[in-house]
Amino acid sequence: MSGSQLWDDVDDYFISRLSPDDEALQAALRESEAAGLPHIAVTAAQGKFLQLLAQVQGARNILEIGTLGGYSTIWLARAVPEDGRVISLEYSARHAEVAVRNIARAGLDRIAEVRVGPALESLPKLADENPAPFDLVFIDADKVNNPHYVEWALRLTRAGSLIVLDNVVREGRVADAKSAEPDVVGTRAAIELIATHPRLTGTAIQTVGAKGYDGFALARVLG
């Protein structure tokens, strides 16, 4: 058995026992595939991890940068109370249309809102609204802008908030200091920001599974 097949089998086992998809989540994946969206959504295990992280955090307000088809948005929206709020930013209008339908089907459209446009344009507009600080920020968008997203997350959070930065391993390429690839450069800049910023403490974890070799960074806002 190949290593990747073993990773898939272990993921399948854990997901079947601990984080099985229900109909709303399965429908979100089906609709995303039918609409031709890229197969880059989080796995069910990762979605459940985000949900648990938000619940442990006691999150009432969550910001997501990168909606895709709304699969991760559903997991996050299920973690907040009925009067909680999830704002998800999505570059593609076509992706956002799919996500809005998926979120509504899951009965979460009163909690989760999708805003369309480049995140670096949406974030200043969001800041102008003077929203309540976000308790959790999940960043899963274009990797070249990762450091900018972390900086905006800092502006929109409070002491004790969590920032999750997905897909940081880049199949191991993140360790190459000489890489000029935009996704690696952006990710390394975000990691350096977490490492050196006086208001942040964090770590990064490598993962294997149905998404291959990857990982995430987790940072806590100190003040």
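Rounded to the nearest 0.5 Å, atoms OG (Ser92) and CG (Leu37) are 7.0 Å apart. Taken from CG in Leu25 to CH2 in Trp75, the straight-line distance is 5.5 Å, to the nearest 0.5 Å. Residue His95 holds its NE2 atom at 12.0 Å from CG of Asn102, rounded to the nearest 0.5 Å.
Judged by distance alone, with hydrogens and angles left aside, the side-chain atoms of Gln26 form a donor-acceptor pair with the main-chain N or O of Asp21 at under 3.5 Å. Judged by distance alone, with hydrogens and angles left aside, the side-chain atoms of Gln51 form no donor-acceptor pair with the main-chain N or O of Ile74 at under 3.5 Å. Distance alone, capped at 3.5 Å, is enough to place a donor-acceptor pair between the Ser161 side chain and the Arg158 backbone.
The salt bridge (Lys or Arg N to Asp or Glu O under 4.0 Å) analysis of residues 113-122, with sequence neighbours excluded, yields the pairs Arg85-Glu113, Glu113-Arg115, Arg115-Glu129. Among residue pairs with one or both ends in residues 17-59, those qualifying as ring-ring contact (aromatic ring centres under 6.0 Å, His included) are Phe49-Phe216; sequence neighbours excluded. Sorted by first and then second residue, the pairs that involve residues 211-223 and meet side-chain hydrogen bond (donor to acceptor under 3.5 Å, both in side chains), not counting sequence neighbours, are Asn167-Asp214, Gln206-Tyr213.
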Working for side chain to side chain contact (heavy atoms under 4.5 Å, CB included), residues Tyr71 and Ser32: CA-CA 9 Å; Tyr71 183 77; Ser32 296; 5.9 Å; no
Audit row: Leu6, Val208, side chain to side chain contact (heavy atoms under 4.5 Å, CB included) steps and yes/no
CA-CA 10 Å; Leu6 182 60; Val208 296; over 6 Å; no
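Counted within 6.0 Å of CZ on Arg110, heavy atoms from surrounding residues, nucleotides or ligands total 12 or fewer; the atom is thus considered open. Residue Gln55 qualifies as enclosed at atom CD: its count of foreign heavy atoms under 6.0 Å is above 12.
Applying the side chain to side chain contact (heavy atoms under 4.5 Å, CB included) rule to His148 yields the partners Leu120, Asn145, Glu151; only residues at least two apart in sequence or on another chain are considered. Residues passing the salt bridge (Lys or Arg N to Asp or Glu O under 4.0 Å) test with Asp83 are Arg60, sequence neighbours excluded. With sequence neighbours excluded, no residue forms a salt bridge (Lys or Arg N to Asp or Glu O under 4.0 Å) with Arg188. Applying the side chain to side chain contact (heavy atoms under 4.5 Å, CB included) rule to Asn130 yields no partners; only residues at least two apart in sequence or on another chain are considered. For Arg170, the salt bridge (Lys or Arg N to Asp or Glu O under 4.0 Å) test picks out Asp183, with sequence neighbours left out. With sequence neighbours left out, the side chain to side chain donor-acceptor pair (under 3.5 Å) criterion links Glu23 to Arg30. For Glu33, there are no salt bridge (Lys or Arg N to Asp or Glu O under 4.0 Å) partners, not counting sequence neighbours. Not counting sequence neighbours, Tyr91 has no partner by the ring-ring contact (aromatic ring centres under 6.0 Å, His included) test. Residues meeting the side chain to side chain contact (heavy atoms under 4.5 Å, CB included) test with Val80, sequence neighbours left out: Ile62, Val86, Ile111.
In the hydrophobic cluster analysis, where Ile, Leu, Val, Met, Phe, Trp and Tyr join through side-chain heavy atoms closer than 4.5 angstrom, Val174 is grouped apart from Val168. Hydrophobic clustering (side-chain heavy atoms under 4.5 Å, transitive across Ile, Leu, Val, Met, Phe, Trp, Tyr) keeps Val150 apart from Val144. Leu68 and Leu76 fall into different hydrophobic clusters, defined by Ile, Leu, Val, Met, Phe, Trp and Tyr side-chain heavy atoms under 4.5 Å apart, directly or through other members. Linking Ile, Leu, Val, Met, Phe, Trp and Tyr whenever their side-chain heavy atoms come within less than 4.5 Å puts Leu89 and Ile163 in one cluster.
Exactly one residue among Asp135, Leu156, Thr157 makes a side chain to side chain contact (heavy atoms under 4.5 Å, CB included) with Asn61. That residue is Asp135.
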